[in-house]
Amino acid sequence: MARLLVQLKLRLLGNALRASTGAQVAFVLSTVFAAVVAGGVFYLLAMLRGSGIAAADLTTVIFTMFGLAWLILPLVVFSLDSTLDPATLALYPLRIRPLAVGLLAASATGAWPAATLIGLLGVTIGLARGALGVLVALLAVLLQVLFCITLARFVTTGLAGMLRSRRGKDFAALLIIPIFAAYEGFIQIVPKLASEGALTAASFGGVDRWLRWTPPGLAVHAIWDASAGHPGTAFLRLALLAGIIVVLGLLWIQSLRRALVTTDTSTQSAVRGSALPFARYGLRGTVAARFWLYQRREPFALIYWAITAVIMVVVAFRLVLSPDWFGGLLASGAAGGAFVGAFHNNAIGMSGPGFGLEAMALNGRRALRAYFSGQNIALGMIAVPLVTAVCFGLAVVAKHPMDGFLGMAVGLAGIGAGLALANLFTVASAYPVEKRGGTPIPRAASGHNGEAVGSQLITLLGVGLAVTPVILVAVFTQSAPAAIRLPMLVLGAAAYGLALTWGGVRGAANVAEQKLPELAQIAIQSAL
Amino acid sequence: MGEPAIAVTGLRKSFGPKEAVAGIDLEIAAGSLAGLVGPNGAGKTTSLSMMTGLLRPDGGRVLINGMDMWADPPAAKAVIGVVPAEARLFERLSGEELLEYAGRLRGLPAGEVRSRAAQLLGVLDLTEDAKRLVADYSSGMRKKAMLGCALIHNPPVLFLDEPLEGVDPISADVIRRLLTRFVASGSTVLFSSHVMELVERVCDHVSIIDKGRIVATGTTEQIRNGKTLQQAFIDLVGSRANDEEVLSWLGSSSS
């Protein structure tokens, strides 16, 4: 059974190379990233040699991070790895113990388990001393990898029913937000703090007090004890870790036994409210209501807004902490508008087959204008407060809170330009999208990547160009009194943004009127 | 005989070298419940998409109540309702919100839409699920929700593509009775299906499409010609059975 399931996993991995170009690229990138992580972590752990107890502290943190990654990431890729879902095997007459062993073996197959093993083996150089230390390090790393795999299996099997449900998929999709924010924070903040000497191995002193009794902490401290000449304590810690893995494994088998005979769950929850909001305001209000509800209920819409906020912070973070804070605020506002546009410039393709319902009723140019302006109203209701809040937050960090108005002004113009371009690209270069396993965000369907990348790049550049006049006004009016300058700038930018959006709506409606059947066919091809 | 509710002449569509619809002619009288039947890939969905303004034809003409679908799409679309074969719904709206959205898109007043939506949800046995997201609906419930969307503006002409696929027998009966009542009031229904028993039972007019061409059209009695519709269909389209030799191992008498 183990051999069969390992072969299945290898076949699934191999088939990724025969899939669409996008899937091939994703597979190759993932493998390369796994190799980089393996080499990087091995090097980092090995470099800790000679750092004393600080090495144990930092190693514990790294082991714990691997444990957390194995806890969270399988939930995100649940639909990608069909060996994670017990329902795929529930139809077959399989005995539970060989099945469990086979599933564990399948989990240990692939680039990421290998990267975990290779990376963590850096402790044999960085932390282990003497033959006994190295022996215990090897055992500790093996147990840590086994712990990670068993933990991932336990959690995914326990939550399998939920993860197959619509709400569970939504939950798994939203996990990408903290992952993206943590990744961006890590690459932006950690190098900066490390280069300033504010982050060293010694910075992790003390974390060990509360991590040493966790499974990753037990593994690291077993190596530390063995290297310090305390083999008894070291083996006791390993025994305790092995005991935790056995208990976790037994709990997983219980969960697996239950999952194999439990019917699929479906989400039975109801929405609140009895009527479509804003529907009394005609077609424009009705469309705005649909888009407004989708921004709240569709996970990828929430992800887009969260990513926009994170990008706004990331582009400005270093600048707002420096004397160039002014540029940071302006850049943040521009980035907000640009990404609002870039993330919504295929609204019809992203609407999916449901657009067929709308296409049946959008009769003529006037209706299409109402459609696009209703969509813009819904997006603006989120974009304007979001961009404003981030700009003022950054201005507070920069210790110039009033200058949040500057970022806001650029943001308002950027949102207007972004929505205008989004409307135009939505009709001029609409393309079907599809949801693929492992990513909650729909991607361009096979053969449409060029349109997707092209329209997004032009939107980003176009918004940059469109906000330039507002930036110039902000720069060249610095000597004017703030009480006059700031309100004028914000109002002027808002009017400018509205004018751009109005133009975008009219242009999009004119184009859409000529090609509504073609747009409907593109939307119907989307697989959401 | 008055003006037909649906008049199609020379309708054709190719996808690359494949001719999906090869110039069909069809006339459906007002007040008819007409069936368009054919094997998989015969061109039923492509034809219906062109008749409903969702797929631009390469040639031909479609008149709905005298209005040219491709000369004046807004006018023609205003008088039709469509239930497509695959779910074309907004999954993140509740059933109630979806029907209200469909009605408001058609320009009905908000109060009227809510009243009609509640009645349709009741008739379609969806009242208890009205506040659940469509994403959580079963395929049969989706079909019923789509039918609700198609009927909410009370169109004179209704197009349905495989309307009873995935629908439980009780709901199917509800839908059948709803359509019969709809037609009895003078409205017209054209639906595609490959369930011959259903077409034979409810349709007064049948057209058979195969390989993109209408191979027979007329009243159900004319098409049946004393046989069952299933047999008449097979006689016209031809049996494609070729499994007797290759699956000799299949069955309990084999090992």
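Keep in mind that this is a model prediction, so the values were computed, not measured. Just so it is clear: chains get the letters A, B, ... in the order the sequence lines come, proteins before strands, and each one is counted from 1.
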Without placing hydrogens or testing angles, list every side-chain donor-acceptor pair under 3.5 Å for residues 150-158 of chain B, not counting sequence neighbours.
residue	atom	partner	partner atom	Å
B/H153	NE2	B/I80	O	2.8

Report which part of A/L519 has an atom under 4.5 Å of a heavy atom belonging to chain B: side chain, backbone, both, or neither.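 For A/L519, no heavy atom lies under 4.5 Å from chain B.
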Between B/E96 and B/K131, does at least one N-O distance fall below 4.0 Å, as a salt bridge requires? yes
Could you tell me whether A/R290 and A/E358 have a side-chain N and a carboxylate O separated by less than 4.0 Å?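 Yes.
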Quick one: side chain to side chain contact (heavy atoms under 4.5 Å, CB included) partners of A/P277, sequence neighbours excluded?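 Applying side chain to side chain contact (heavy atoms under 4.5 Å, CB included) to A/P277 gives A/A289, A/W292, A/L293.
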Could you tell me which residues in residues 54-71 of chain B have at least one non-hydrogen atom under 4.5 Å from a non-hydrogen atom of chain A, sorted by residue number? B/L54, B/L55, B/R56, B/W70
Across all chains, not counting sequence neighbours, the side chain to side chain donor-acceptor pair (under 3.5 Å) partners of B/R142 are B/E91
Shortest non-hydrogen separation from B/L164 to B/A172 and the atoms involved: CD2-CA, 4.1 Å
